[in-house]
Amino acid sequence: MSQIQLSEQEQLRRKSLEELRTLGIEPYPAALFPVNVTSKEIKENYSDTNNNYTDVTIAGRLMGVRVMGKASFAELQDEKGRIQLYITRDDICPGENKELYNTVFKKLLDIGDFIGVKGFVFRTQMGEISIHVKEFLILAKSLKPLPVVKEKDGVVYDAVTDPEFRYRQRYVDLVVNPGVREVFSKRSRIITSMRELFNSRGYLEVETPILQPIPGGATARPFITHHNTLDIPLYLRIANELYLKRLIVGGFDGVYEFAKDFRNEGMDRTHNPEFTVMEIYIAYKDYFWMMDFTKEMIQKVAMDIHGSTKVPVGENIIDFGHFEKLTMSESILKYTGIDISGMNDADLQNVCKELGIETAPSMGKGKLIDEIFGEKVEPHLIQPTFIYDYPVEMSPLCKKHRNNPELTERFELIVNGKELCNAYSELNDPIDQLDRFQDQLKLSEKGDDEAMFIDLDFVRALEYGMPPTSGMGIGIDRLTMLMTNQPSIQDVLFFPQMRPEKREKVDTPEKYTEAGIPEEWVDALQSLGYKTVELLKQVEKPGKLHQELCGFNKKNHLNLKNPSQDEVAAWITPKI
RNA sequence: GAUUCAGUAGCUCAGUCGGUAGAGCACAUCCCUUUUAAGGAUGGGGUCCUGGGUUCGAAUCCCAGCUGGAUCACCA
C-alpha cells in the first residue's frame, strides 16, 4: 500500500518508526526480554511496609500516557491487566542527553506499542500501585492505532461495539475491550475442569476421525469434501459417537473426546458451522447413572468457574444445585395439559393442529412429539431439567426402554430453554441397530434429508459385542455461553464464521506504466479511486480526471508536474 | 431463505423541515512542570457503505445492491 492511502495517524507512526531507526533504536528487536512478574502479581502482593518488588522487569502494551513535563504516567497492559508506570526524565536519562525521554518516549512512542521496563514498585500520592521506571526498551512498534477504550470504576467508555469489527478483528477486540480475554480463559478452565473429572475416574481421552466416509452419529446435513488419492467423497464429522462406541467394543471402559463437529446448516445466535462437543462413553452404566454423573460434572464446572452452583445468565439466576427430572410425556402434560402417551401419528397430527404447530406429512411420530416439545415445553425450562424417555423414532442409536418398547432410554439436559446435553443407554443390540438404521433410510426416502446413513461397519462392530454402555454429549460452546453469561455463540468463539471480507482489486504500478501512464501518478490515481487500469479506461470525461489529478497534486503537496489534458486523455483512450 | 433495523472522522455517536459535515475521545502543535476514563488552547483529519433515481440542491426522500445485527424459518 502506498503512503498516501494510509490514514494520517498511520503515516505518523511509520514516520516515528523511521526516526527510531535513525536514532539507532531497533523497533523490532530480536532478543528475548526477561519478564519476571505480571501486573496482577504486583497488584495482589505488593506491600508498602515490606517494600517488596524492588527489581521488576515487566512488558506489555502501552495503553495510555499522561505527560507532565519532566515526569510522566503511563498505562502498561500485560496479559493479566494493567499497571501504572511512573517515568521521569532524569531517571531514564541520567546523563546530559535527554533524548530518550524528550524524543523517544514523548514523541516516538504510541498507544499500542509493546515496551519492556525495569524498575521498582511504589505507591503514588494518589494511592495507585505503580512502577518507577529506571529503564525502558521498545519491543515492538504498533503501526495501526488501536481504538482507545477507557474504563473507570467498572464503567467502560467508548467500547468497540460494532460486531463486525469485533469478530473480524478479534485481536483488536481482545486487546481493547475489558473482559473479552476473561471469557476465553474461562472457556479453557471449563474444559480443564471437565477433563480433570474424567481423568480422575480413569477415562481415556481419545481422538477419532474428522474426515469420515459416512457421517454418522447424528441427524444433520454434513459438509462434503473430496480425497484426491482415494478419489472418494469424505464428510466432515457431524458427531463422533459411532467411533467412540467402536472403542468401547475394543475394550476401553471409558473414553471421551473434545471434538469439533461440523454441520452445514443455518447460523444464528446459538449455531456456528463448526462447534465443539464433548462426548463420553462409559461401559457397564445406564442413563440413570449418567444423569448423576452429568449433574456432578456440571456442578464441578460451576464451582470451578463461579465458586457457586448459582450462575447468572441474562435475566435469570440458574441454580445448578438442583436438577428437575421429567419424562418427555410428563413434561408435555405439564406444559400443555395433553397426555400424549399411547397416541398414534394421526392423534399427534391433531394435537399439533390444536396447538398451532405446523407439521409436514413426512413427519413421523417421534418428529411430531419433538415439535410439540420444542414449541411448547423447552422454552419454559430455565432451571436445569432432565427430560428423559424419548420416543424410539427420534433416537436411532439409543437402547429401547426396559419397560416400554415405544420409548428409549434417553435424556437431555435443558437449561435456559436450550438443550445442553444429550445422553443414552447406548443401543448395543446389533440386529435392532440395523433395523433402526433401515427405518431411518425409509424416512429419508420419505423426504427427510437429515435421516441417517447406514454405517455397516458400526453394525459389524456391535456384532462382536459391546457391553452395556451409557454415553453423553455436551455442547461446549453452549456450556461456555451459560457459564460466562454471553448471549451469542459468536462471543465464546475466537473466530466465529463470517462471510469473507471483500478485498478490492488493486492493480500493480507496472500495469499502469504498461498502459502508458507515468508511475509517479499511480498513487494519486489509486487514491482517487481508480484502483485498476480497467476502471481508468472506463472514464468518460478526461477533462474531469485531469482536474481531479491536478487538484490532488496541489492538495497533497506532491509537487508533481501537472500533465496536460491531452496527455491524460491519451492514458484512457486505447492506443491504435 | 423471509421480515426488519443499522452503516457519518481511527473509536463512540449527534445531525432538525432536503439548504456549506458536527461533538467527545484519539492524532498534531503549543502552553502548563504537573496525577487518574489525561489540565488548557489551537489545528489537521470525511467516498456521510456502494450505484442509480427524484430535486435548483440529497448524509437526509425513493429504488437496487453490499455488509452486519435482531426476529422468524431451517436446524439441536
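Values in this document were obtained by computation on a predicted structure and should not be read as measured data. Numbers restart at 1 for each chain; the letters A, B, ... are given by sequence-line order, proteins then strands.
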Exercise. Which part of the nucleic acid, if any, lies within reach of Tyr86(A) when heavy atoms closer than 4.0 Å are counted: base, sugar-phosphate only, or nothing?
Worked result: nothing
Exercise. Hey, is the side chain of Arg499(A) poking within less than 4.0 Å of OP1 or OP2 on G68(B), counting only N and O atoms?
Worked result: yes
For this session: For C30(B) versus U67(B), give the span between their C1' atoms, rounded off to a whole number of Å.
Result: 43 Å
Exercise. More 5' along RNA chain B: Ala71(A) or Val67(A), using each one's nearest nucleotide?
Worked result: Ala71(A)
For this session: Name the nucleic acid region contacted by Arg168(A), choosing base, sugar-phosphate or nothing; use a 4.0 angstrom heavy-atom cut-off, strictly under.
Result: sugar-phosphate
Exercise. Are any of the side-chain heavy atoms of Asp113(A) and Ile138(A) separated by less than 4.5 Å?
Worked result: no
Exercise. What form does the base of U33(B) take, syn (within 90° of 0) or anti?
Worked result: syn
Exercise. Distance only, no hydrogens: is a donor on one side chain within 3.5 Å (strictly under) of an acceptor on the other, for Arg82(A) and Gln77(A)?
Worked result: yes
For this session: Establish, from distance only, whether the side-chain atoms of Asp389(A) and Tyr287(A) form a donor-acceptor pair under 3.5 Å.
Result: yes
Exercise. Is any side-chain nitrogen or oxygen of Thr161(A) closer than 4.0 Å to OP1 or OP2 of U12(B)?
Worked result: yes
Problem set entry | Nucleotide A37(B), atom P - distance to CE of Met126(A) in whole Å | 8 Å
Exercise. What interatomic distance, in whole Å, is found between C1' of A37(B) and the corresponding atom of G53(B)?
Worked result: 46 Å
Problem set entry | Rounded P spacing from A41(B) to G24(B) in Å | 10 Å
Seminar exercise, completed: The answer to which of Val65(A) and Gly69(A) contacts RNA chain B further toward the 5' end, by nearest nucleotide, is Gly69(A)
For this session: Give Glu164(A) one of three labels, base, sugar-phosphate or nothing, depending on what nucleic acid heavy atoms sit under 4.0 Å from its own.
Result: sugar-phosphate
For this session: Look at Gln490(A) and G69(B) and indicate whether a side-chain polar atom (N or O) is within less than 4.0 Å of OP1 or OP2.
Result: yes
Problem set entry | Opposite nucleotide pairing with C25(B), Watson-Crick or G-U, both atom distances under 3.5 Å | G10(B)
Seminar exercise, completed: Side-chain atoms of Tyr157(A) come closest, of C27(B), A37(B), U35(B), to A37(B)
Problem set entry | Residues Glu426(A), Lys399(A); criterion salt bridge (charged side-chain N to carboxylate O under 4.0 Å, His left out); working and verdict | CA-CA 5 Å; Glu426(A) 300 296 336; Lys399(A) 186 177 277 197; over 6 Å; no
Exercise. Rounding to a whole Å, what distance do you find between Arg13(A):CZ and G10(B):C1'?
Worked result: 9 Å
Exercise. Looking only at atom C1', what distance separates A23(B) and U36(B), rounded to whole Å?
Worked result: 23 Å
For this session: Output the single nucleotide from U71(B), C30(B), U36(B) whose closest atom is nearest the side chain of Arg269(A).
Result: U71(B)
For this session: Rounded to the nearest 0.5 Å, what's the gap from CE on Met194(A) to CG on Leu479(A)? Could you check?
Result: 6.5 Å
For this session: Determine, for Phe494(A) and Arg170(A), whether the Lys NZ or Arg CZ falls below 6.0 Å from the six-membered ring centre while staying within 45 degrees of the axis.
Result: no
Exercise. What is the base-pairing partner of G39(B), counting Watson-Crick and G-U wobble geometry with both distances under 3.5 Å?
Worked result: C31(B)
Exercise. Touch check for Glu151(A), heavy atoms < 4.0 angstrom, all strands: base, sugar-phosphate only, or nothing?
Worked result: sugar-phosphate
Exercise. Looking across every strand, which nucleic acid part, if any, lies under 4.0 Å from Val149(A) by heavy atom: base, sugar-phosphate, or nothing?
Worked result: nothing
For this session: On the 0 to 90° scale, with breaks at 30° and 60°, tag the Tyr335(A)-His380(A) ring pair as parallel, tilted or perpendicular.
Result: parallel
Exercise. If we take the C1' atom in both C66(B) and A73(B), what is their distance in whole Å?
Worked result: 23 Å
Exercise. Do any side-chain nitrogens or oxygens of Lys150(A) fall under 4.0 Å of OP1 or OP2 in A26(B)?
Worked result: yes
For this session: Ignoring the backbone of Val148(A), work out which of C27(B), U36(B), C25(B) is nearest its side chain.
Result: C25(B)
Problem set entry | Complement of G68(B), any strand, by Watson-Crick or G-U distances under 3.5 angstrom | C5(B)
Exercise. Looking for any heavy atom pair under 4.0 Å, which part of the strands does Asn422(A) touch: base, sugar-phosphate only, or nothing?
Worked result: nothing
Exercise. Hey, is the side chain of Gln9(A) pairing donor to acceptor with the base of A26(B) inside 3.5 Å?
Worked result: yes
For this session: Can you tell me, in whole Å, how much space there is between the P of G18(B) and that of U60(B)?
Result: 11 Å
Exercise. Which value, in whole Å, describes the distance between the P atoms of nucleotides A38(B) and G44(B)?
Worked result: 25 Å
Exercise. Which whole-number value in Å describes the distance from Asp162(A) CG to U12(B) P?
Worked result: 6 Å
For this session: Measure from CE on Met63(A) to C1' on A26(B) and round the result to the nearest Å.
Result: 12 Å
Problem set entry | Distance, rounded to the nearest Å, where Asp268(A) contributes CG and A73(B) contributes C1' | 10 Å
Exercise. Measuring from Met481(A):CE to Gln490(A):CD, what's the distance to the nearest 0.5 Å?
Worked result: 10.0 Å
Exercise. Counting side-chain heavy atoms from C-beta on, which of C75(B), G69(B), C11(B) comes nearest to Lys367(A)?
Worked result: C75(B)
For this session: Identify the nucleotide, in any strand shown, that forms a Watson-Crick or G-U wobble pair with U20(B), with both distances under 3.5 Å; if there is none, say none.
Result: none
For this session: With heavy atoms under 4.0 Å as the rule, sort Arg410(A) into base, sugar-phosphate or nothing.
Result: base
Exercise. How close or far is atom C1' of U67(B) from atom CE of Met267(A), stated in whole angstroms?
Worked result: 13 Å
Seminar exercise, completed: Whole-Å distance, Leu146(A) CG to A26(B) P, equals 14 Å
Exercise. Got Met328(A) and Ile369(A) here, is their nearest side-chain heavy-atom distance under 4.5 Å?
Worked result: yes
For this session: For C74(B), take OP1 and OP2 only and decide whether either is under 4.0 Å from a side-chain N or O of Arg263(A).
Result: no
Problem set entry | Distance between P atoms of U42(B) and U4(B) (Å, rounded) | 47 Å
For this session: Classify the nucleic acid contact of Gln84(A) as base, sugar-phosphate or nothing, counting any heavy atom under 4.0 Å across all strands shown.
Result: base
Problem set entry | Protein-nucleotide distance (Asp158(A), atom CG; U12(B), atom P), rounded to Å | 8 Å
